[in-house]
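Report on the following structure.
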Amino acid sequence: MDDKPLDCLIVGGGPAGLTAAIYLARFHLDIVVVDEGKSRASWIPCSHNHAGYPDGINGKELLGLMRAQGQKYGAKIESGRVHRLDRDDDGLLTAEWGAGPQRTRSVLLATGLTNRRPPMDIDLHDEAMARGLIRYCPICDGYEVTDKKVGVIGSGKGGVAEAIFLRSYTADVTLIAPDAALDLTPEENERLKAAGVKTVDGPAQTVGFTDNCITIDTARGCYSFDSVYPALGSDTHTQLAEMVGAELAGDGCVLCDEKMRSTVPGLYAAGDVVHGLDQISHAMGEGGQAATTIRNDLAQQQPLLRAPCIPEQLLEMAETGS
């Protein structure tokens, strides 16, 4: 264990974590980002709604640029998975990952969430995503399915909401049950009918795809679509927050105040692990807010005073005794 604690450990190298890293490094703080390499942003073949990139940008390329920007200002980024987090008696936090235990004055959780995937081969799924045949975010890329044939695999409130949202882009939307039958209330059925959304009982299974369409096998036969949106829910990565007793919100996200402080002193959260709009722009805003809060909170504990800059020639003379 390093005797000198970090100023901040950032867990997660997605848009929220890397934005915070850029800010904190430019605040002259000693920080480390531990990144497991599973950011949802890395799935994006080409994001067209991220401001500043009129021709779109690949998710991995965007993350690479953000990592390089953070490292330019001194942020250290390590590959690994933080598997344990403890709060010490002296108010510091200790995190453990491949490099061993590390004490830190603060921790920012930017661990995000994972979308539940439809039952299909992982390689097949990833290739279909790369081609835009499987999509997860109609807010991000609904524009790209304008006037196309779209399937939504889902049921209940989430599936209904996503299908109706997509009706503002195309008239051809079909809601498919992931299991035996759609679990809908009479009111939900009426909403779908009024919106002109077709419904199909499941179970739904992806059969395959070509360059232009993806085929779903259901109880009523096979259906082909230009794109399919799985609306199967998600799992938020809150395990580390729970280890130190942080309170969760009703939806299972880390509960934070408007400055991104959790209910545990020294623990902050940003991005999709916090309740809010699951968008790159939103995550980056929260990352900037969290970083600024961390900097100001640390300064309250111990003033952040920049040491005088010693000219290199004088430093050499002091070391040699000349």
Side-chain angles (χ1 to χ4, degrees), residues 4-37 39-41 50-52 62-78 80 82 85 87 91-95 97 102-113 236-238 240-241 244 246 253-306:
K4 184 178 183 297
L6 298 171
D7 290 315
C8 184
L9 173 70
I10 300 172
V11 186
L18 292 175
T19 298
I22 293 167
Y23 276 60
L24 290 167
R26 287 174 55 83
F27 291 147
H28 293 298
L29 296 181
D30 184 16
I31 66 166
V32 170
V33 179
V34 180
D35 180 24
E36 195 175 359
S39 169
R40 287 198 305 159
H50 185 44
L62 176 63
L63 293 176
L65 290 169
M66 294 180 74
R67 280 193 295 270
Q69 187 172 353
Q71 289 169 326
K72 175 180 178 180
Y73 296 107
K76 296 181 282 292
I77 301 176
E78 298 184 8
V82 176
L85 187 63
R87 184 162 176 79
L92 297 179
L93 292 155
T94 297
W97 70 95
Q102 171 67 61
R103 302 183 84 204
T104 179
R105 298 174 67 196
S106 64
V107 170
L108 172 62
L109 296 180
T111 44
L113 57 79
T236 311
H237 303 154
T238 61
L240 294 174
V244 292
C253 294
V254 178
L255 182 65
C256 289
D257 67 11
E258 70 280 0
K259 301 293 187 181
M260 314 317 298
R261 299 182 186 95
S262 80
T263 56
V264 172
L267 182 69
Y268 307 77
D272 296 348
V273 75
V274 178
H275 177 76
L277 187 64
D278 293 344
Q279 293 284 291
I280 291 175
S281 57
H282 191 77
M284 292 172 71
E286 288 189 342
Q289 175 65 79
T292 305
T293 303
I294 290 167
R295 184 260 173 225
N296 291 341
D297 286 352
L298 292 179
Q300 286 289 325
Q301 300 167 19
Q302 178 181 321
L304 303 177
L305 304 177
R306 186 71 174 164

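Contact of the Ile10 side chain with the Val32 side chain is not registered, since no non-hydrogen atoms from C-beta on lie closer than 4.5 Å. Between Leu108 and Val11 there is no side-chain heavy-atom pair separated by less than 4.5 Å. Between Gln300 and Asn296, every side-chain heavy-atom pair lies at or beyond the 4.5 Å cut-off. Counting only heavy atoms from C-beta outward, the side chains of Asp30 and Lys76 approach each other to under 4.5 Å. When side chains are defined from C-beta on, Cys8 does not count as touching Leu29, because their heavy atoms never get closer than 4.5 Å.
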Next on the checklist: Between Tyr268 and Thr293, does the side-chain contact (heavy atoms from CB on, under 4.5 Å) criterion hold? Intermediate values first, please.
Outcome noted: CA-CA 9 Å; Tyr268 307 77; Thr293 303; 3.9 Å; yes
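Taken from CE in Met260 to CD in Gln289, the straight-line distance is 7.5 Å, to the nearest 0.5 Å. The structure places CG of Leu93 at 11.0 Å from CG of Leu6, a figure rounded to the nearest 0.5 Å.
Residues Val264 and Val244 approach most closely at CG2-O, 3.4 Å, considering heavy atoms. Taking every heavy atom of both residues into account, Ser106 and Ile294 meet most closely at OG-CG2, 3.5 Å.
Listed by first and then second residue, the side chain to side chain donor-acceptor pair (under 3.5 Å) pairs involving residues 14-27 are Arg26-Tyr73 (not counting sequence neighbours).
Distance alone, capped at 3.5 Å, places no donor-acceptor pair between the Arg295 side chain and the Ala299 backbone.
Ionic pairing of Arg261 and Asp297 is present here: one or more N-O contacts between side-chain nitrogen and carboxylate oxygen are shorter than 4.0 angstrom.
For His282, there are no ring-ring contact (aromatic ring centres under 6.0 Å, His included) partners, not counting sequence neighbours.
Glu78 and Trp97 share a donor-acceptor pair across their side chains, judged by distance under 3.5 Å alone.
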